[in-house]
Amino acid sequence: MPQLPATPYPAEVRARLDADAEEVLARYPGSRSALLPLLHLVQSEEGYVSRTGIAFCAETLGLTTAEVTAVSTFYSMYRRRPSGDYQVGVCTNTLCAVMGGDAIFDTLKEHLGVGNNETTEDGKVTLEHIECNAACDFAPVVMVNWEFFDNQTPESATQLVDDLIAGRTVEPTRGAPLCSYKETARILAGFPDERPGAVEATGGAGPASLIGLKLAKGEAPPKARVVSPRAGQPQDGQPHDPSPSEHLSSHDAPLQTSASDPEHPAGPAAEEGE
């Protein structure tokens with residue numbers, strides 16, 4: 001059924017958003033480029049991108065509501081329905097999953113009584129699974145309003161959401177102090193984070209992420225060993241049978257039929273189903 005036009009913002013809210021939008025627009029040579037930060041701006045007002053927010057962005061930028069809706073539904077960082085004060089994202093991509101991410105997600109669903117992209121009745125926590133948090137060396141990883149909580153377990157993640165719901169102070173493993181989802185959205189819109197110490201706080205990559213860079217610079221520990229590609233020898237030139245604790249890549253596995261191995265040609269490609 002056709003929907004009624006979106007309810008406009010109250011006058012005082014509209015005046016404030018107009019002033020903020022003018023500041024955002026001044027950063028871009030073309031107004032259309034300001035759409036992403038404007039979506040964050042309206043999300044900081046209501047906690048999600050409502051039909052009212054879409055109408056505001058469209059009017060401000062001279063776009064249609066269909067154009068704004070297309071962008072807001074493409075990016076997962078924009079919520080299309082009311083969201084909690086804390087967006088708890090559990091990484092369930094490959095490494096985090098095998099390290100316990102799936103178990104964490106299942107535990108939190110049962111503990112909170114919500115499913116994926118659902119919010120607790122008190123409006124405190126929205127739970128979602130995330131494909132990758134780009135922090136594989138700290139797996140399994142949970143993010144709260146885009147701040148990292150590393151090396152989690154079902155027990156620690158349960159304690160984390162309990163603390164959030166109870167209003168207790170929660171400190172991310174690294175990065176800036178935690179703030180509400182609306183505050184996070186305003187920062188993503190490009191407005192300064194004025195909390196003391198928030199800008200100075202940071203978090204870098206872990207040792208597992210940096211070892212390749214250190215090897216390339218010759219900064220690896222003297223005893224570090226690099227596994228050579230298949231048919232090659234270890235760096236020290238000595239034959240080596242990997243121990244059970246070593247995890248070789250697929251390039252080191254004794255594959256018997258590989259198109260890249262002249263001794264084991266794969267043969268011509270067959271039609272699908274043959």
Just checking, is any N or O donor in the side chain of Ser156 or Gln159 under 3.5 Å from an acceptor N or O on the other one? no
Spatial distance of atom CD1 (Ile54) from atom CG (Leu38) [nearest 0.5 Å]: 12.5 Å
State, with a plain yes or no, whether a side-chain heavy atom of Val141 is found less than 4.5 Å away from one of Asn151. no
Go through Leu61 and Leu25 one step at a time and tell me if the side chain to side chain contact (heavy atoms under 4.5 Å, CB included) criterion holds. CA-CA 9 Å; Leu61 301 177; Leu25 285 169; 3.4 Å; yes
Less than 4.5 Å apart, side chain to side chain, heavy atoms only: is that true for Ile187 and Phe191? no
Close side-chain approach of Val42 and Cys57, heavy atoms under 4.5 Å: yes
Do Phe105 and Ile165 sit in the same hydrophobic cluster, where Ile, Leu, Val, Met, Phe, Trp and Tyr count as joined when their side-chain heavy atoms come under 4.5 Å apart? yes
Quick one: NE2 on His40 to OG1 on Thr184, what's the gap to the nearest 0.5 Å? 10.5 Å
Does either side chain, that of Asp162 or that of His111, offer a donor lying less than 3.5 Å from an acceptor on the other one? yes
Is atom CD of Glu110 surrounded by more than 12 heavy atoms (other residues, nucleotides or ligands) closer than 6.0 Å? no
Among the clusters formed by ILVMFWY side chains lying less than 4.5 Å apart, do Leu188 and Tyr48 turn up in the same one? no
The side chain to side chain contact (heavy atoms under 4.5 Å, CB included) partner of Val88 among Leu112, Asn145, Val142 is Val142
Are Val90 and Val161 connected in the hydrophobic side-chain network, where two residues link if heavy atoms are under 4.5 Å apart? yes
For the residue pair Thr69 and Ser72, what are the closest heavy atoms and their distance? O-OG, 3.0 Å
Heavy-atom side-chain proximity of Phe149 to Val144 below 4.5 angstrom: yes
Heavy-atom count around Glu12 CD within 6.0 Å, excluding the residue itself: above 12? yes
Could you see if Leu178 belongs to whatever hydrophobic cluster contains Met77? Use Ile, Leu, Val, Met, Phe, Trp, Tyr and a side-chain cutoff under 4.5 Å. no
Find out whether Leu213 and Lys217 are in side-chain contact, i.e. whether some heavy atom of one side chain is under 4.5 Å from a heavy atom of the other. yes
Within the side chain of Thr120, is there an N or O that forms a donor-acceptor pair under 3.5 Å with the backbone of Val125? yes
Sorted by chain and number, sequence neighbours left out, ring-ring contact (aromatic ring centres under 6.0 Å, His included) with Tyr181 holds for none
So do Trp146 and Gln87 actually touch side chain to side chain, heavy atoms under 4.5 Å? no
Could you state the interatomic distance from CG (Leu41) to CG (Leu35), rounded to the nearest 0.5 Å? 11.5 Å
Interatomic distance, Thr65 atom OG1 to Arg51 atom CZ [nearest 0.5 angstrom]: 8.5 Å
Min side-chain heavy-atom separation Arg16-Glu45 under 4.5 Å: yes
Is there a donor in the side chain of Thr126 and an acceptor in the side chain of Ser83, or the other way round, less than 3.5 Å apart? yes
Here's one to test your reading of the geometry: is the NZ or CZ of Arg174 within 45 degrees of the ring axis of Phe148 and under 6.0 Å from its centre? yes
Locate the shortest heavy-atom distance separating Asp163 from Arg168; write the atom from each residue and the value. OD1-NE, 2.7 Å
If you round to the nearest 0.5 Å, how far is CE of Met143 from CG of Asp150? 9.0 Å
Return yes if a side-chain donor-acceptor contact under 3.5 Å exists between Tyr86 and Glu147, otherwise no. no
Nearest 0.5 Å, what's the OG1-CG distance between Thr60 and Asp18? 6.0 Å
Contact check, side chains of Leu108 and Thr158, non-hydrogen atoms, under 4.5 Å: yes
